[in-house]
Amino acid sequence: MLERFEQYGVPTGALKRGVCGPLPINAGIDPSVKYSPALKVVDTTAAGDSFGGAFLASFLTGGSLSNAMQAGHTRASQVVGHRGAIAEAF
């Protein structure tokens, strides 16, 4: 999959992998970084959207790709601990 992104010319980003954490796309970042699993999983609804929102908020405000991936993973890990697509603000 990462090779396909490179072939299409995607300059940077992250490939979501759920509990395994994201992989960097074309960024020269160590892909073996380990991400902490969610403490509690109640409902995975909106986990991907939550990852995307936190990732973009971090990256587009000047955060590094590594920090953005961590922000996205952390937020998704928090959201899955709540029922439904709307979680409390953290």
Side-chain angles (χ1 to χ4, degrees):
M1 181 62 77
L2 292 175
E3 292 166 357
R4 189 174 286 171
F5 285 129
E6 186 173 324
Q7 290 172 353
Y8 290 141
V10 175
T12 192
L15 176 65
K16 300 181 297 183
R17 301 181 305 156
V19 70
C20 295
L23 279 177
I25 297 172
N26 295 337
I29 297 172
D30 182 6
S32 66
V33 172
K34 302 293 182 204
Y35 293 87
S36 300
L39 298 176
K40 173 176 77 169
V41 177
V42 175
D43 186 350
T44 60
T45 302
D49 291 336
S50 298
F51 174 93
F55 173 87
L56 288 172
S58 176
F59 192 69
L60 294 176
T61 57
S64 68
L65 182 59
S66 293
N67 287 345
M69 290 191 309
Q70 184 62 61
H73 184 78
T74 298
R75 184 63 175 151
S77 295
Q78 294 166 334
V79 166
V80 299
H82 298 273
R83 193 171 204 238
I86 300 175
E88 300 171 17
F90 298 100

**Student:** Is there a donor-acceptor pair closer than 3.5 Å between any side-chain N or O of Ser58 and the backbone N or O of Ala54?
**Tutor:**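 Not at all, since once roles are kept as given, no pair shorter than 3.5 Å links the two residues.
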**Student:** To the nearest 0.5 Å, tell me how far Lys40 NZ sits from Gln78 CD.
**Tutor:** 12.0 Å
**Student:** Same cluster or not: are Val79 and Val42 linked, directly or through other Ile, Leu, Val, Met, Phe, Trp or Tyr residues, by side-chain heavy atoms under 4.5 angstrom apart?
**Tutor:**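 Different hydrophobic clusters.
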**Student:** Hey, what do you get for CD (Gln70) to OG (Ser36), rounding to the nearest 0.5 Å?
**Tutor:**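 Answer for the CD-OG pair, Gln70 versus Ser36, is 7.0 Å.
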**Student:** Work out which heavy atom in Met69 is nearest to a heavy atom in Phe51; give both atom names and the distance.
**Tutor:**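 Nearest pair, atom of Met69 first, then Phe51: O-CE1, 3.8 Å.
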**Student:** About how many Å separate OG1 of Thr74 and CZ of Phe55, when rounded to the nearest 0.5 Å?
**Tutor:** 13.0 Å
**Student:** Looking only at atom types and distance, does a side-chain atom of Thr44 sit under 3.5 Å from a main-chain N or O of Ala47, one as donor and one as acceptor?
**Tutor:** no
**Student:** What closest approach, in Å, do Leu65 and Pro24 show between heavy atoms, and which atom pair accounts for it?
**Tutor:**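 Minimum heavy-atom contact is CD2-CB, 4.1 Å.
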**Student:** What residues join Leu39 in its hydrophobic cluster, counting side-chain heavy atom gaps under 4.5 Å, either direct or through other members?
**Tutor:**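 Its cluster mates, by chain and number: none.
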**Student:** Mind checking whether Tyr35 and Val19 sit in one hydrophobic cluster, side chains of I, L, V, M, F, W, Y counted as touching below 4.5 Å?
**Tutor:**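 As far as the 4.5 Å side-chain criterion goes, Val19 and Tyr35 are not connected within one cluster.
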